[in-house]
Structures are given as structure tokens and as C-alpha cells.
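Have a look at the structure below, then the notes.
Remember, it's a predicted structure, so these values are computed and weren't measured experimentally. FYI, side chains are in, hydrogens and waters are out, and symmetry mates aren't considered; it's all heavy atoms of this structure.
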Amino acid sequence: MTLAQQISYIIWGLAQDRRRGGGNTMPGGDQEPGRYYVGVDVGTGSVRAALVDQRGILLAFADQPIHKWEPEFNHHEQSSEDIWAACCVVTKKVVQGIDLNRIRGLGFDATCSLVVLDKQFQPLPVNHEGDSHRNIIMWLDHRAVSQVHRINETKHSVLQYVGGVMSVEMQAPKLLWLKENLRETCWDKAGHFFDLPDFLSWKATGVTARSLCSLVCKWTYSAEKGWDDSFWKMIGLEDFVADNYSKIGNQVLPPGVSLGNGLTPEAARDLGLPAGIAVAASLIDAHAGGLGVIGADVRGRGLACEGQPVTSRLAVICGTSSCHMGENPMASIELARDVFHSEHRRSWTGPIPTWKEISKDPIFVPGVWGPYFSAMVPEFWLNEGGQSVTGKLIDHMVQGHAAFPELQAKAAARCQSVYAYLNSHLDLIKKAQPVGFLTVDLHVWPDFHGNRSPLADLTLKGMVTGLKLSQDLDDLAILYLATVQAIAFGTRLIIEAMQAAGHSISTLFLCGGLSKNPLFVQMHADITGGDGKNEQGWESRVSQT
């Protein structure tokens, strides 16, 4: 569990305090002792839960693996029942031994996978086998290639808010695939299509309202204008317009808003929590991470962003994939000041933020998703770059190498992870030269699952150049290094695209599983310009969270 999720859940908990008329709502000013908040984070391969107190201190943590199916190439599926069961397991673990009456709030984040239920909220199959247990099309599923090509050929105006080209990983092409390929077994029976974070909040509360975060970022919803009927009619999904979008969401709430009457008795029994505690409207997992790190207190750490607006920061949430979250300025200087003084000034203990560089215009970056209004930080425009596979790519390259069994054995003998062993092995073989120079003759093009940003080309493939006939442990370590470097160069390309469009970024904030790998962090610092100024003239500093 990252600090990002901890902070996000505290914010969600504070939202329910405001709803109930609580007084001082900032963590630093919360005077009631022993308040607890539970956060559940659903990633690609596991569910994690955290218990935190009102100061943001992590008190308990648990995780539980979840199942994945790949019935054919580029088809990736999960089960909503399996994921909910895992949520219940980890939640019960983190609240063991505490006074449950002190729990003030519950929040969920999850991957932006597509959950399909029938009109009675029962799972429907998203596969040709008719297995209704597998009722989730995962975020990384690329089955809807034909559909997304046709959507992009429309050149509809909504596409300008996804970087100009819609990704196959978004929900519209997946919905169109279901209509065209599983009409009888799925589409005609469907009553509800949820983003996974919204499914979890519905499961906990019985409220079908959707989070603004999910709908804006993955479903083409506009925070200002709502749904665009012409888009859905143009791509052949006029069904949603006819039923007033009831199947995909016609009640939309900002992240953090308390849902309905809180946790239902049934969900309370499942989770081991008191009925009626507040449950917040959810966030996508990467956006929960972005929300946490984008607002981190950096005073006294010597970072370039100290004293600069939050818009100088880029949050990189790096796990199975990577997401690069950059906030555009608030709608106006006046609005920024108004929001600060009305919401935070009474209990704020830090320095007053500066509002220079804040302007009223969103930033459109070709090949980078967004700008999304209020999808992560209220009243800010969000741009979201990304790499479809990062941790998954590293695993693929390392585990597929002939020397992997030897690596596993040696790492186990030292009680290390394979990546900790590889990092130490690189230090041994680098001799007097910097470790980065070990790859002078070996290079990786990392788009093994297409390019999300900034090229926005799902047809791209990966490549390795400079291979030799040898396949020993040294070769594996250097291939691993080259893969990490390739991912870091991808981040640099995203930053350069955002800078060219008008962003002013001085600091990268990393969170997620890969941020725990010192080599991954160091290569990002080196390749994005960590030792000074790069040719764009911006100083790169990396903060690991």
C-alpha cells in the first residue's frame, strides 16, 4: 500500500465527516482520538487493504491475490465475485483487534476494468465460452482493436479529450465489441455496465451512482456537459441514449462524496465492518495514487517544486503499467483562491500556496489522455500519460530468459527477490563504470503491448537489438537493465510531449510497486535529467513515495 492510497482514504473519510456536520476537517486538526479509516485498493493481480488513523499513519495492511484468465491472446478477464471476496478477506484482516465503532469511513479504488451485470445484478459472461463467472474485461484487454479503429475514424469531438485518439483500453470500444460479438449471451441481457471502482462502491452501498473520476477518464463523460448523445449514436451504441444512460450511469458524483446511507447490512457482514459507516464515491487506482503524491509536503527536502504550484509536479504511478498524472492549472486564479480560503484556510498549518502560473485554459497534449476536468483534484484539469506494460514487461523479459531458473535459485539462497538479486549483480559486473553504461550495445523498444502515450499507437510491437549467443546470468541482468531504461525513456517522451504542449514540470513523484525498486527510480532520475538541466531546460528531481 502506497502513501498515496493512505492519503486518499483519509480525504474520503474527511468527506463523510463534513457530511455529518463535523467541525475541523483537516487531519492535523482532528481532535477526536482513535478515528480509523479503511481503504481497499484493487490492482491487476491482488487486492490490498489498509487501516489508517486520522493522522494518516498506517496501522495495518493485508493483501490477497485475485484470479486472472487469458482464454486467448489479448483477452484478459476477471471475476467480480472473486474480487469482492478478496476485498472481504483483506478488510477483515486489517480491522482485527480494533474497536469497530471508531471506523469513520471506507473507500475503494480499483483498475478501470469493465464489469458486466444483468438486470438483477448477476454476472454475465464476457467470453465466447459463456462462463458468467468471468464477467470482467480487464483494463489491459486489447480484443476491441477493430472497434476502436472505427471509433477513431469518426473524428468525433469527444476524442480531443483523450489525446486525439481513443485507446483500446477505454470502455467504449469494449462495449461495442460486446454488442457485436456476444449479443445474445451478454449484450441483450445486460442491465449494468460498471467501471470496477464503481462496482465496488455499489456492492458496498447499493447505490448505482458513478464516480466522476471513472466516467470522465474512461467513458467520454464531460464534467461540464455530461454525456454526448451524438458520439454514442455515431459509433453504434445508441442503446445508451435511448434508456437515458441508465446502464452506464445517469447519476454522477465527485470522488469522495458519501454514498447513500453508507455500508449496507449485507456488505457490512461480508466485510466485517459496522453497517452504516460512510462509503465514498471511488477513484481509479492510478488516480488515487496521483491524488496522494501530487499534494505531498516537500518542505525542507530540497526539491525543485518547493514553493511552486502543484502543477509543477508529475505523479508517476508505476505497477503492472505506469500512469503519468499531471494537473493543469485551476479554472481561474480567483477560483483557486476562493477554494483554498473556503475549504482549507481555517485549519491549514502550512505556508499559503502561491497562485502564479495558474491560468484558465486546459492543455491539450497529442497522444496523452485528457484534459479531464475535476477527475482527480477538484477544479483542476488532469492530463494522463501512460505506458500499457511496465512491471508486466519487466516480468516478461526476466522470466522468459534462459538464465531465469538460475536467477531464482540464487535469489532464494540469499532470501532475496529476483530483482534485488539482479540489482546487486549489476553492481558486481559494472566494475568502475556507471551501471547505465552496461547497455551500450543492448537496446529495448518497450511497446510490447502497443504505445499508450505519446504515440498512441496500439499496433506498435516491442524489439530488442544487440543480442548475442550467450544466455548467462550477466546477459539476463543487462537485459533487465535495458528494459528498465527503455521504460524510463518512455517516461521522458511523455514528459517532453507535455512540456511542448504547455506543462511546466519540475519534479517527478513515484509511487506504486516499481517505486520500491531503487534501480527503477535511479534510471528515471538519470534519463529524465536528474543530474541537471536537459535540453528542454527543466530540472528533473525524483521523489520516491
Side-chain angles (χ1 to χ4, degrees), residues 43-48 63-78 82 86 138 140-142 318-322 387-431 433-450 461-490 512-524 527:
T44 300
S46 65
V47 176
R48 284 85 66 171
D63 63 350
Q64 177 81 6
I66 49 180
H67 295 290
K68 303 186 295 292
W69 290 269
E70 189 176 358
E72 53 187 289
F73 179 65
N74 272 340
H75 288 228
H76 299 268
E77 299 167 3
Q78 287 182 315
D82 175 60
M138 293 181 67
L140 76 166
D141 187 287
H142 280 197
C318 35
T320 303
S321 63
S322 289
Q387 294 161 291
S388 291
V389 288
T390 48
K392 186 175 178 66
L393 176 62
I394 294 170
D395 289 344
H396 175 77
M397 300 294 270
V398 170
Q399 295 172 11
H401 196 277
F404 181 63
E406 179 187 355
L407 169 64
Q408 282 183 302
K410 290 186 173 180
R414 289 190 185 178
C415 297
Q416 289 182 310
S417 73
V418 293
Y419 296 113
Y421 187 94
L422 284 173
N423 290 348
S424 61
H425 191 75
L426 286 168
D427 285 335
L428 288 176
I429 65 178
K430 72 175 184 178
K431 299 177 181 177
Q433 64 181 338
V435 67
F437 284 84
L438 288 172
T439 57
V440 65
D441 295 319
L442 184 71
H443 308 287
V444 173
W445 183 265
D447 295 328
F448 283 56
H449 201 50
K461 304 295 187 290
M463 180 175 66
V464 182
T465 180
L467 291 171
K468 302 181 294 184
L469 288 175
S470 60
Q471 290 186 310
D472 59 17
L473 191 56
D474 287 1
D475 294 307
L476 171 53
I478 294 172
L479 178 62
Y480 157 68
L481 172 61
T483 304
V484 172
Q485 289 175 328
I487 292 167
F489 274 111
L514 289 177
S515 71
K516 301 174 185 177
N517 184 332
L519 181 76
F520 186 88
V521 175
Q522 187 60 55
M523 289 301 102
H524 273 73
I527 288 168

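Residues Glu406 and Asp472 fail the side-chain proximity criterion, which asks for heavy atoms closer than 4.5 Å. Using a 4.5 Å heavy-atom threshold, the side chains of Asn423 and Phe520 count as separate. In this structure the side chain of Val484 never reaches within 4.5 angstrom of the side chain of Asn517, judged on heavy atoms.
The line from CG of Leu476 to CG of Leu481 is 11.5 Å long, rounded to the nearest 0.5 Å. The CE atom of Met138 sits 9.5 Å away from atom CD of Glu70, with the distance rounded to the nearest 0.5 Å. Summarising the geometry, atom OG1 belonging to Thr483 is positioned 8.0 Å from atom CG belonging to Leu442; distances are rounded to the nearest 0.5 Å. Within the model, atoms CG of Asp427 and CG of Leu422 stand 11.0 Å from one another, a figure rounded to the nearest 0.5 Å. Here NE2 of His443 is found 10.0 Å from CE of Met463. Values are rounded to the nearest 0.5 Å. Leu514 CG to His524 NE2: the interatomic distance, rounded to the nearest 0.5 Å, is 8.5 Å.
A donor-acceptor pair under 3.5 Å is formed between the side chain of Gln387 and the backbone N or O of Ile487. Remark: the backbone N or O of Ile478 is not paired with any side-chain donor or acceptor of Thr439 at under 3.5 angstrom. With Ser46 contributing its side chain and Pro65 its backbone, the two residues share no donor-acceptor pair below 3.5 Å. His76 places no side-chain N or O within donor-acceptor distance of the main-chain N or O of Phe73, the cut-off being under 3.5 Å. Judged purely by atom type and a 3.5 angstrom limit, Gln485 has no side-chain atom pairing as donor or acceptor with the backbone of Val444.
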Do Leu140 and Lys392 pass the side-chain contact (heavy atoms from CB on, under 4.5 Å) test, and can you show the C-alpha distance, the side-chain angles, and the key distance before you say yes or no? CA-CA 11 Å; Leu140 76 166; Lys392 186 175 178 66; 3.9 Å; yes
With side-chain contact (heavy atoms from CB on, under 4.5 Å) as the test, would you mind laying out the steps for Gln522 and Val435 before giving the verdict? CA-CA 10 Å; Gln522 187 60 55; Val435 67; over 6 Å; no
Would you sort out whether Arg414 and Ser424 count as a side-chain contact (heavy atoms from CB on, under 4.5 Å), showing the intermediate values? CA-CA 11 Å; Arg414 289 190 185 178; Ser424 61; 3.7 Å; yes
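Using the six-membered ring where Trp is involved, Phe448 and His396 have ring planes that are perpendicular, over 60° apart on the 30 and 60° scheme. Classification of the Tyr421-His425 ring pair by plane angle, with boundaries at 30° and 60°, yields parallel.
Summarising the geometry of Cys318 relative to Ser515, their closest heavy-atom pair is SG-N, 3.9 Å, with the distance given to 0.1 Å. Across every non-hydrogen atom of His67 and Gln78, the tightest pair is O-CG, 3.3 Å. Pairing each heavy atom of Ala86 with each of Val47, the nearest pair is CB-CG2, 3.8 Å. For Pro446 against Ala486, the heavy-atom pair with the smallest separation is CG-O, 3.8 Å. The two atoms that bring Thr390 and Ser322 nearest to each other are OG1-OG, 3.1 Å, heavy atoms only. The minimum heavy-atom distance linking His75 with Pro71 is given by the pair O-CD, 3.5 Å.
The environment of Trp445 atom CH2 is sparse: at most 12 non-hydrogen atoms of other residues, nucleotides or ligands sit within 6.0 angstrom.
The side-chain contact (heavy atoms from CB on, under 4.5 Å) with Tyr480 is formed by just one residue from the set Leu519, Asp475, Val418; it is Leu519.
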